[in-house]
Amino acid sequence: MSTLSATALAGRTVIVTGAARGIGAGIAQAILEAGGNVVLLDLDGAAAESTANRLDPEGGRALGLAADVTDAASLEAATAATIDRFGGLAGWVNNAGIVRMGPAADITPENWELELRVNAGGVMRGAQAAFRAFGGKGGAIVNIASNAGKVGFPNMAAYNASKAAVINLTRSLASEWAAHKINVNAVCPGSVATPMLREVAAELERDGVGDAATLFAGMVPGQLKRHVEPLEVGRVVAFLLTDAATIIRGQAINVDAGETPY
Ligand code: NAI
């Protein structure tokens with residue numbers, strides 16, 4: 001896997017939500033590889049801290065903090081701690097998300113609202129916190145949507161809808177905030193080998209669809225016949241945070257091994 005130059009993000013600090021594990025941890029790793037500082041936010045603050053320590057064993061460039069993307073005040077507090085520690089903020093990656101599987105006819109109002117509150121509302125809250133923290137100096141925001149936001153996968157209606165909202169929010173903020181020197185793009189991963197995907201396989205197993213290991217191994221549609229790795233998503237995100245990506249704006253870029261035709 002090729003990498004960006006080790007100075008592509010030098011001197012820049014980026015916040016990543018939901019970064020204790022999975023894709024968020026891959027994004028944090030890619031930001032560090034590109035020379036940036038990274039603040040890993042997660043519901044699980046201890047796990048965020050331990051991932052930060054694992055990715056940055058020498059210390060000084062990664063920080064793990066507890067924050068909940070459904071709670072604007074906790075994002076503001078994490079942003080203040082970030083600026084206190086690193087002196088400013090140049091990028092924000094809205095990655096935290098959840099999935100609840102089930103037939104559309106049976107989605108409860110609670111689960112519908114939860115998916116929208118975390119996946120779409122979390123991106124809006126994160127973007128607003130970033131807007132304030134950039135303080136008029138500009139910056140880059142990358143939202144982790146999903147190819148589910150373009151394709152209507154069965155048994156994931158609320159998730160699909162929440163990710164479609166993220167894609168449109170990305171376009172809306174890109175056009176509205178261009179005047180504030182803020183670039184906003186989205187990445188749409190396909191099947192990425194993470195705890196979330198394993199949990200989806202386990203949920204399907206509980207529903208009698210098959211055994212989790214076989215289901216997980218089979219979740220590899222696309223041209224490469226393998227899962228996407230979190231670091232592969234991370235490296236695309238890291239590129240979108242650099243000045244070289246300034247001309248790419250409001251896009252929803254598939255990182256899916258060729259799974260999605262559009
Ligand atoms: P994951 O479940 O493995 O990791 C998600 C992390 O987000 C966890 O550490 C969790 O504690 C944290 N989190 C959950 N709710 C939060 C909240 N309210 N506030 C702060 N942190 C919270 O998930 P994964 O697979 O790494 O997914 C990351 C993002 O990528 C999600 O937005 C997901 O929808 C998206 N995605 C994942 C794909 C996959 O195949 N794994 C495919 C396409 C998109």
Side-chain angles (χ1 to χ4, degrees), residues 15-30 39-52 54 64-75 77-78 92-101 113-126 129 142-151 153 156 158-167 169-170 186-204 215-222 226-234 236-237 252-257 259-260:
I15 284 179
V16 184
T17 68
R21 68 181 202 183
I23 294 173
I27 295 168
Q29 184 177 346
V39 179
L40 297 82
L41 307 187
D42 205 280
L43 268 186
D44 185 341
E49 209 180 324
S50 111
T51 303
R54 174 172 62 79
L65 297 172
D68 178 353
V69 299
T70 68
D71 174 8
S74 85
L75 294 178
W92 187 296
V93 182
N94 286 305
N95 165 76
I98 56 166
V99 62
R100 296 284 181 275
M101 304 292 290
E113 278 158 25
L114 182 66
E115 290 268 15
L116 273 290
R117 191 162 70 243
V118 177
N119 294 0
V123 170
M124 186 72 238
R125 279 178 218 96
V142 181
N143 299 324
I144 308 306
S146 169
N147 62 352
K150 299 182 176 182
V151 179
F153 291 124
M156 300 172 78
Y159 181 82
N160 298 338
S162 73
K163 294 299 188 177
V166 171
I167 291 171
L169 184 57
T170 300
V187 164
C188 297
S191 284
V192 189
T194 68
M196 175 192 273
L197 204 64
R198 286 189 193 89
E199 284 162 17
V200 167
E203 251 182 86
L204 291 171
L215 286 163
F216 178 77
M219 288 172 176
V220 288
R226 66 167 175 82
H227 291 292
V228 180
E229 293 302 323
L231 186 56
E232 291 178 301
V233 180
V236 175
V237 172
I253 297 166
N254 296 335
V255 181
D256 68 347
E259 178 181 342
T260 323

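Atom set for the values below is all heavy atoms of this structure, side chains included, hydrogens, waters and symmetry mates excluded. Counting convention: from 1, in listed order, for ligands and their atoms alike.
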(request) Report yes if some N/O of Tyr159 lies less than 3.5 Å from some N/O of ligand 1; otherwise report no. (result) yes
(request) Answer with side chain, backbone, both or neither: which part of Ala145 has a heavy atom less than 4.0 angstrom from an atom of ligand 1? (result) backbone
(message) With heavy-atom distances below 4.5 Å as the criterion, would you say the side chains of Cys188 and Ile253 are in contact?
(response) no
(message) Looking only at distances, can you tell me whether any N or O atom of Thr70, backbone or side chain, sits closer than 3.5 Å to an N or O atom of ligand 1?
(response) no
(request) For ligand 1, find out whether one of its N or O atoms is nearer than 3.5 Å to an N or O atom of Pro189. (result) no
(request) Ignoring hydrogens and angles, tell me if any N or O in the side chain of Lys150 forms a donor-acceptor pair with the backbone of Asn254 under 3.5 Å. (result) no
(request) Can you pull out the closest protein heavy atom to atom 19 (N) of ligand 1? Residue, atom name and distance to 0.1 Å, please. (result) Val69 N, 3.0 Å
(message) Starting from atom 37 (C) of ligand 1, what is the nearest protein heavy atom, named by residue and atom, and what distance separates them?
(response) Ile23 CD1, 3.5 Å
(message) Quick check: Gly24 and ligand 1, any N/O pair under 3.5 Å apart?
(response) no
(message) Any side-chain to backbone donor/acceptor pair from Ser191 onto Met219? Under 3.5 Å, distance only.
(response) yes
(message) With rounding to the nearest 0.5 angstrom, report the CD1 to CD distance, Ile98 to Glu115.
(response) 5.0 Å
(request) Can you sort out which atoms of ligand 1 are near Gly97, meaning under 4.0 Å from one of its heavy atoms? (result) 31 (C), 32 (O)
(request) For atom 20 (C) of ligand 1, find the nearest protein heavy atom and state the residue, atom name and distance (0.1 Å precision). (result) Ala67 O, 3.3 Å
Distance-only donor-acceptor hits, side chain of residues 65-75, under 3.5 Å, sequence neighbours excluded:
unit_1, atom_1, unit_2, atom_2, d
Asp68, OD1, Thr70, N, 2.8
Asp68, OD1, Thr70, OG1, 2.9
Asp68, OD2, Thr70, OG1, 3.0
Asp71, OD1, Ala73, N, 3.1
Ser74, OG, Asp68, N, 2.9
Ser74, OG, Asp68, O, 3.1
Ser74, OG, Asp71, O, 3.1

(message) Using a 4.0 Å heavy-atom cut-off, which part of Lys163 comes near ligand 1: side chain, backbone, both, or neither?
(response) side chain
(message) If you define the side chain from C-beta out and look only at heavy atoms, does anything of His227 sit under 4.5 Å from Phe216?
(response) yes
(message) Assess, by modelled atom type and distance only, whether the side chains of Lys163 and Asn147 contain a donor and an acceptor separated by less than 3.5 Å.
(response) no
(request) State, with a plain yes or no, whether a side-chain heavy atom of Ile144 is found less than 4.5 Å away from one of Asn94. (result) no
(message) Which of the numbered atoms in ligand 1 are under 4.0 angstrom from any heavy atom belonging to Leu197?
(response) 40 (O)
(request) Flag Thr194 as yes when one of its N or O atoms lies below 3.5 Å from any N or O atom of ligand 1, and as no otherwise. (result) yes
(request) Please indicate whether any nitrogen or oxygen in Arg21 is less than 3.5 Å from any nitrogen or oxygen in ligand 1. (result) yes
(message) Please list all pairs meeting salt bridge (charged side-chain N to carboxylate O under 4.0 Å, His left out) that have one or both residues in residues 186-202, counting only residues at least two apart or in different chains.
(response) Arg21-Glu199
(message) For atom 18 (N) of ligand 1, what is the closest protein heavy atom, and at what distance to 0.1 Å?
(response) Asp68 OD1, 2.9 Å
(request) May I ask whether Thr17 places a heavy atom under 4.0 Å from ligand 1? (result) no
(request) Kindly say whether Gly121 contributes a backbone atom to a donor-acceptor pair with the side chain of Arg125 at under 3.5 angstrom? (result) yes
(message) What I'd like to find out is whether the side chain of Asn119 reaches to under 4.5 Å of the side chain of Val123, using heavy atoms alone.
(response) no
(message) Val192 versus ligand 1: do any nitrogen or oxygen atoms come within less than 3.5 Å of each other?
(response) yes
(request) State the CZ-CG distance between Arg54 and Leu40, to the nearest 0.5 angstrom. (result) 9.5 Å
(request) Would you check if the side chain of Asp42 reaches a backbone N or O of Gly45 as a donor-acceptor pair within less than 3.5 Å? (result) no
(request) Answer side chain, backbone, both or neither: which part of Pro230 comes under 4.0 Å from ligand 1, heavy atoms only. (result) neither
(request) Starting from atom 28 (C) of ligand 1, find the nearest protein heavy-atom neighbour and note its residue, name and distance. (result) Asn95 OD1, 3.3 Å
(request) Please identify which atoms of ligand 1 are closer than 4.0 Å to at least one heavy atom of Gly22. (result) 26 (O)
(message) Below 3.5 Å, N or O to N or O, backbone or side chain included: is there any such pair between Ala20 and ligand 1?
(response) no
(message) Between Glu203 and Met101 (side chain of the first, backbone of the second, donor and acceptor by atom type, cut-off under 3.5 Å), is there such a pair?
(response) yes
(message) Measuring only between side-chain heavy atoms, which start at C-beta, is Leu169 closer than 4.5 Å to Asn143?
(response) no
(message) Starting from atom 6 (C) of ligand 1, what is the nearest protein heavy atom, named by residue and atom, and what distance separates them?
(response) Gly18 O, 3.4 Å
(message) Test your reading of the structure: does Met196 have an N or O sitting under 3.5 Å from an N or O of ligand 1?
(response) yes
(request) Have a look at Val233, Leu43, Asp44, Leu40 and point out the one with the heavy atom closest to atom 17 (C) of ligand 1. (result) Leu43
(message) To check your reading of the model: name the closest protein heavy atom to atom 13 (N) of ligand 1, its residue, and the distance in Å.
(response) Ala96 CB, 4.1 Å
(request) Would you mind running through ligand 1 and noting each atom that sits below 4.0 Å from a heavy atom of Ser191? (result) 40 (O)
(message) Are any of the N/O atoms on Ser146, whether in the backbone or the side chain, positioned under 3.5 angstrom from an N/O atom of ligand 1?
(response) no
(request) Measure from atom 8 (C) of ligand 1 to every heavy atom in Val16, Val228, Asp42 and give the option owning the shortest one. (result) Asp42
(message) Contact between Asn95 and Val237 at the side-chain level, heavy atoms closer than 4.5 Å - yes or no?
(response) no
(request) For atom 42 (C) of ligand 1, find the nearest protein heavy atom and state the residue, atom name and distance (0.1 Å precision). (result) Gly190 O, 2.8 Å
